[in-house]
Colleague: 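Mind having a look at this structure? Questions to follow.
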Protein chains: 2
Amino acid sequence: MSSFDPTEQRLAVTCRRQPAFPREPAVLVRLIKHLYKRVHDDANAMLKPWGISHAEYNILMMLYGTEGYTLNPSQLAEAAGEKSANITRLADNLCDKGLIERTASDEDRRKVSLTLSRAGLAMIDDFMPAVCALLESQTAGMKPAETAQLERLLKKFLGQLERD
Amino acid sequence: MSSFDPTEQRLAVTCRRQPAFPREPAVLVRLIKHLYKRVHDDANAMLKPWGISHAEYNILMMLYGTEGYTLNPSQLAEAAGEKSANITRLADNLCDKGLIERTASDEDRRKVSLTLSRAGLAMIDDFMPAVCALLESQTAGMKPAETAQLERLLKKFLGQLERD
DNA sequence: TGTTTGTATTTCAGATATGAAATATATGGA
DNA sequence: TCCATATATTTCATATCTGAAATACAAACA
C-alpha cells in the first residue's frame, strides 16, 4: 500500500470520464510530484540539526562539486534548478551564516562570485555521513541495474520535456 | 545537451572528493527535482489562460476523479500531495472563484466536503484538450514499454522511500 | 456523565519562491 | 564615440507553502 494509490485510483476514474486523457504521462507526472515532495521533506528533516534547508544544501553541494568551489549566481541557478531571484535570497542567507562568500568579479563587473568558505567546507564534512546514509537508504531496495535503468529513463523523459 | 549536465558534472566531482558519497541515489534525487520543476513550470504556463495554478488544477482533477466529485480536505491532501494547511488556502481560492463548494458534513461535524461545482466541471471540459496535448507531448519520444518501465521503477523508488 | 484521547480542519506567523521591473555592465556595430 | 541590444544580478511586491498552535467535534470508557 503506497500513498500513491489514492491518486492512481482517481486518475483511473478520470480516464473513464475523459477517453482522450492519456493515462501514462499523467501517472508519471504525478509520481514525479509525489517523489519530489517526499525527497524534499526527508532532506529537510535530515538537515535540520545543521540549520540549513534542502535548497541551501543544494547550493553548498553545487559549489562543492566545482573546481575552485566557486560559481556565479546564474551558473548556480542552472545547477541547483532554482530561479535566479531565489539564488540571490539563498546566497544572502548562506553569506549571513558564513558558509559562502560573495565577491565581485573584475573580469566582468556584472558578475558575482560565490565561493564556499572554510566554514562551509567544514559543515559539508560534518553532515556528509548523514547525507550518505539517507541517500543509501533511499535506494536500498533497488538493484544496481534497476537504478541505472531508472536513471536512463528519467534522463530520456527530461530530454523529451526539454526538446525545443 | 541537457540542462542536467552541469548538475551531473558536479556530482561527479563530489564523488571524487567524497569517496563514500553514493552517486546513484544522488543522481536520481536531483533528476527528480529537475523534472518536477520543469513539469510544474510547464503546467503553470499551460494553465495561465484559465487563471488557475498547477496546485489548483491538481485539486480540481482529484475531485473530478472521485465518484460524486467530493472529497474531504484530508483526503485531498493525500491525493494531491499537499499539506493540509495548504489545502485550506487552495480550497478558499477555488471557492472564491466558484469552482468548488464547501459544505459541512452532518454525519461527522468535524468534516468538510469539497465538491466540484458546475462551473468547475465546465472549466475542466474547457481546458482538457490543452491538458491532453501537453501530457502527450511530454512522453511523445518514449515507447510505451519505456513509459511502463519508468512507471514501475518510480513506484518501486517511492515504495522504498516510504518503507517504515 | 465527565474525562481523556484522538481526529479534522483552520488560523497564523514566518519561510520560501516567483515574475516583472530596475540596475549595472558588456558587446558589437554605425 | 554613441547607441542599441544583450547579459548578470538584484529588488520588490506578491504568491505560495509550511509547522505549530488553536478550535471544534468524536469516540472510548471509567
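Atom set for the values below is all heavy atoms of this structure, side chains included, hydrogens, waters and symmetry mates excluded. Here is how names work: the chains are called A, B, and so on, in the same order as the sequence lines, proteins then strands, and each is numbered from 1.
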Colleague: Run the side chain to side chain donor-acceptor pair (under 3.5 Å) test on B:Ser3 and A:Glu162 for me, step by step, so that the C-alpha distance in whole Å, both residues' side-chain angles and the decisive distance to 0.1 Å come before the verdict.
Modeller: CA-CA 8 Å; B:Ser3 73; A:Glu162 288 178 339; 2.4 Å; yes
Colleague: Check the distance between C:dT16's C1' and A:Leu90's CG and give it to me in whole angstrom.
Modeller: 8 Å
Colleague: Rounded to whole angstrom units, what separation is found between the CD atom of B:Glu78 and the C1' atom of C:dA8?
Modeller: 14 Å
Colleague: Please compare B:His40 and B:Thr88 by the position of their nearest nucleotide in DNA chain C and report the one closer to 5'.
Modeller: B:Thr88
Colleague: Both A:Gly81 and B:Ile87 contact DNA chain C. Which one's nearest nucleotide lies toward the 5' end?
Modeller: B:Ile87
Colleague: Let's go through A:Val131 and B:Gln18 carefully: what are the C-alpha distance in whole Å and the side-chain angles of both, what is the deciding distance for side chain to side chain contact (heavy atoms under 4.5 Å, CB included) to 0.1 Å, and is it a yes or a no?
Modeller: CA-CA 11 Å; A:Val131 169; B:Gln18 291 278 346; over 6 Å; no
Colleague: Step by step, would you call B:Lys33 with A:His40 a side chain to side chain contact (heavy atoms under 4.5 Å, CB included)?
Modeller: CA-CA 9 Å; B:Lys33 183 189 162 84; A:His40 184 66; 5.9 Å; no
Colleague: Taking OH from B:Tyr36 and C1' from D:dC17, how many angstroms apart are they, rounded to a whole number?
Modeller: 10 Å
Colleague: Quick one: sort the B:Tyr64 and B:Tyr69 rings into parallel, tilted or perpendicular, breaks at 30° and 60°.
Modeller: tilted
Colleague: Parallel, tilted or perpendicular, judged at 30° and 60°: which one describes the rings of B:Phe127 and B:Trp50?
Modeller: perpendicular
Colleague: How far does OG of A:Ser117 sit from CG of A:Leu99, to the nearest 0.5 angstrom?
Modeller: 5.5 Å
Colleague: Are B:Arg89 and C:dT9 close enough that a side-chain N or O sits under 4.0 Å from OP1 or OP2?
Modeller: no
Colleague: What is the distance from CG of B:Asn86 to P of C:dT9, rounded to the nearest Å?
Modeller: 15 Å
Colleague: Which ones in residues 55-74 of chain A lie close to DNA chain D, meaning a heavy atom under 4.0 Å from one of its atoms?
Modeller: A:Asn72, A:Pro73, A:Ser74
Colleague: If every non-hydrogen atom of B:Pro6 is compared with every non-hydrogen atom of A:Glu78, which pair is closest and at what distance?
Modeller: CG-CD, 3.9 Å
Colleague: B:Leu150 pairs by side chain to side chain contact (heavy atoms under 4.5 Å, CB included) with which of A:Ile32, A:Leu28, A:Leu31?
Modeller: A:Leu28
Colleague: Between C:dT10, D:dT16, C:dT11, spot the one nearest the side chain of B:Ala85, thanks.
Modeller: C:dT11
Colleague: In whole angstrom, what separates B:Asn44's CG from C:dG19's P?
Modeller: 8 Å
Colleague: So does B:Lys111 get a side-chain nitrogen or oxygen closer than 4.0 Å to the phosphate oxygens (OP1/OP2) of C:dT9?
Modeller: no
Colleague: How long is the line joining CG of A:Asp96 and P of C:dT16, in whole Å?
Modeller: 13 Å
Colleague: Parallel, tilted or perpendicular: which one describes the rings of A:Tyr36 and B:Tyr36, with boundaries at 30° and 60°?
Modeller: parallel
Colleague: Rounded to whole Å, please give me the gap between CG in B:Asp41 and P in D:dA15.
Modeller: 18 Å
Colleague: Among D:dA20, C:dT10, D:dT11, which nucleotide has an atom closest to any side-chain atom of B:Ser84?
Modeller: C:dT10
Colleague: For nucleotides 22-26 of chain C, print each protein N/O atom paired with a nucleotide N/O atom at under 3.5 Å, atom names and distance only.
Modeller:
{"unit_1": "C:dA26", "atom_1": "OP1", "unit_2": "A:Arg109", "atom_2": "N", "d": "3.1"}
{"unit_1": "C:dA26", "atom_1": "O4'", "unit_2": "A:Arg110", "atom_2": "NE", "d": "3.4"}

Colleague: Please report the distance, rounded to the nearest Å, between NZ in B:Lys83 and C1' in C:dT16.
Modeller: 12 Å
